[in-house]
Amino acid sequence: MENKSGFFDTLNKYSSDSFCNTDDEPSPEDLRLAELFSANRRARDQPQPHSNPPQRNINTINPNITTSTVGIKNTNITNQPPSLTSYTGSKASSLNISKMPSKRKQDPPVSNPSTSRKRSKTKPLQPPHLQIFNPLTFFFMKPCLKRAERKMRIEKAQEYGATVVFTFSNTVTHIIADKDIKYNEILEFLQLTEIPEGIAVTNPRWPGDCIKYGKLVDPKDFWYQVHGCPTESQQQNPLQDAPTSEPNGGQSPLPSSPPSSLQVQPHPPPKQQPETPTNSQKDALDEAIEECLTTTPINIEDFLGSSSSSDTESSPESSPKRRKKVSSSSNSARDWQKHFQCMHKHTGALNPENPNSRTIQILEEMMRIYDSLKDQWRTRSYRIAISTLKSSNTTYISTYEQAISLPGVGDRLAKKIVEIVSTDRLQRLEYAKLDPKDQILKLFHGIYGVGLVQARKFVAAGYTTLEDVKKNATLTEPQRIGIERYSDFKQRIPREEVKQHGEIVSTALKTIDEKVQSHVMGSYRRGAKDCGDIDIIVTKEGAGVEELHEVLEKLVEKLFDRKFLMCGLAIARHDDGTKWHGASRLEGEDKPWRRIDFLVVPGEEIGAAFLYFTGNDVFNRSMRLLASKKGMRLNQRGLYKDVVRGKNREKLNEGTLLESKDEKKIFEILGVPYRPPEHRIC
DNA sequence: GTTCAGAGTAG
DNA sequence: CTACTC
DNA sequence: GAAC
Ligand SMILES: O=c1ccn([C@H]2C[C@H](O)[C@@H](COP(=O)(O)OP(=O)(O)OP(=O)(O)O)O2)c(=O)[nH]1
Ligand SMILES: [Mg+2]
């Protein structure tokens, strides 16, 4: 028992917000978390000025031999946590204690609450302090089907202390109606003319949010209303929404909570209030969603020359369907194209002039949270919506109708925008920042080689610190190093140091083959003040992969000997492998290890490789999506045409090479105005 | 209900 | 094959 | 989380 409270106490220590600031903009808060843990680690490790002998355990020098670390049997679902397993959420079911009878005490943490009749036999209850629903009685209302989902919700509610009944009576305190049910249907079903006072009617999101936040949130909240509910403050349509299923693997929809009190009361726009009636977003749509360009050649001349400013060609309208060739007419051309991220100049700079800047600021914060939780699809949606907002810099968006009419803004984001406008904040954001589970998840997947899946397993297993994981979990070699060097790898690298690493590589390369060249890419090429890692392309005019692969082997060996490379983390498997990931360090035992990536590139593919390795990642994805919409395919080796795609997007056809040597030509063929690296920060 | 980029590497 | 990473 |  005491472990449980200890569990959260520990977590709370890390509740300070710290978001991984994405691109090239540092942030003082960035490293807070990392520092916390580095301190943690140093307490153990640091006092020894010992040498850290380069460990080439995993790798290199003998790329043929996939080293002998076979001793570790995998089975990632490893060890038992000390104790607190018994109440871990249902997620943990895969490694539940039931499988380990040998484990001692697993008595239910909660004595049978006599209050709960109808308790399903199996589910273990949450510990008392999490029995947030305890005296409450829920009545669930059915949407005909969706039984599994509903069953889940019911079990969850019981788990957290609710009494669930299936016949309506005066003991009911909450009616939980599925999202498709309308308010008057409830009345009809219950044969009532109105819901008795004291009974709350909510959609299923409400219990979910309560669980998430570990407390009861206001069920009258905007977000939890059922369709057609006569809210005290009528106006807005009561749009519901559901805690939609989690796409793959399950990502977390953070609940959002609105202002329980004030409903609508638009804040004044920060400054200007240009009511620009009609001109809403004509063609100045900047970074917006993705989609753009016609098949027809847009004024190419336009962009080649003007590397600097507004080369944003854009068009209003949105037409989903794509069409083949047809019209070269710019009119129809505009139709199907919207805008892709890659079509616009992005520098990461903010524009405080935008009347929606406050909204943007808050949505960006939410996006950062989802990003740090690796919820890539929500992150994407937020990014797109934010782009749209940024582009409508002449109109203050304050109503639901306005918001939802923007491309990339749907029901839920429109609600959030309204909430922000009326309350100047997003309550959900405040909760999200504090969520201890997310903090810990973030900690774990910050380990190199640990992704969402493993991180969740660690959390489910009850681990709360890196020490826990290191001690108890079965790790792969890269993960082991990832923990060992956790704080090193989390530090940003000053631009100047990146340059030094690049020079060391370049120098070493000269002794191997004069004609082999290296280029520092990634955020460095985009001009970032500091970088997350060091990305280097190794290439030679006219050379093929095989030749260069040998060069890479020699290079790596030499750099290990120089004590520059410290370890390998992911090394090419084949002789035509093109990739080497590892860590390097400047001279000096106390210098931090840095993540370093080599990409071997045949001379002919240098353009596509530059494009790829310059990024950023969002920019690349945007370019690639655009290519695919035009029946082409873009990857790190080149741009291909006539790609035939089958049923599920699978490519049935490699396509034929269009261009790979010249970066600018790839832009050109795709119809994207060329952007220098500094403007590819999306 | 599916898509949201596309590929290399570890295990 | 999945998970992770670029 | 949005679009199709
Ligand atoms: O999912 C990804 C990640 C990266 N890249 C490309 C673009 C990126 O610029 C380059 C290098 O990757 P890295 O992870 O180093 O990103 P970065 O842009 O260099 O930023 P950082 O400063 O974090 O290293 O590889 C992708 O295409 N897709
Ligand atoms: Mg990088």
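Labels below follow one simple rule: chain letters A, B, ... track the order of the sequence lines, proteins then strands, and each chain is numbered from 1.
Remark: A:Arg456 is not in phosphate contact with C:dC4, judged by side-chain N or O atoms under 4.0 Å from OP1 or OP2. The side chain of A:Lys416 contributes an N or O atom lying less than 4.0 Å from OP1 or OP2 of D:dG1. Look at A:Arg624 and you won't find any side-chain N or O under 4.0 angstrom from OP1 or OP2 of B:dA5. Regarding contacts with the backbone of B:dA7, a side-chain N or O of A:Asn635 is found under 4.0 angstrom from either OP1 or OP2. OP1 and OP2 of C:dT5 both lie 4.0 Å or more from every side-chain N or O belonging to A:Tyr448.
With sequence neighbours excluded, the residues satisfying salt bridge (charged side-chain N to carboxylate O under 4.0 Å, His left out) with A:Lys540 are A:Asp513, A:Glu547.
Summarising the geometry, the separation between CG on A:Asp411 and C1' on D:dA3 is reported as 14 Å, rounded to the nearest angstrom. Here B:dG6 presents its P atom at 14 Å from CD1 of A:Ile666, a figure rounded to the nearest Å. The separation between A:Lys374 atom NZ and D:dG1 atom C1' is 18 Å, rounded to whole Å.
Using cut-offs of 30° and 60° for the angle between ring planes, the A:Phe458 and A:Tyr463 rings count as tilted.
Ion pairing between A:Arg480 and A:Glu477 holds under the 4.0 Å rule for side-chain N and carboxylate O.
For C:dC6, the base has a donor-acceptor partner in the side chain of A:Tyr612 [N/O atoms by modelled type, under 3.5 angstrom].
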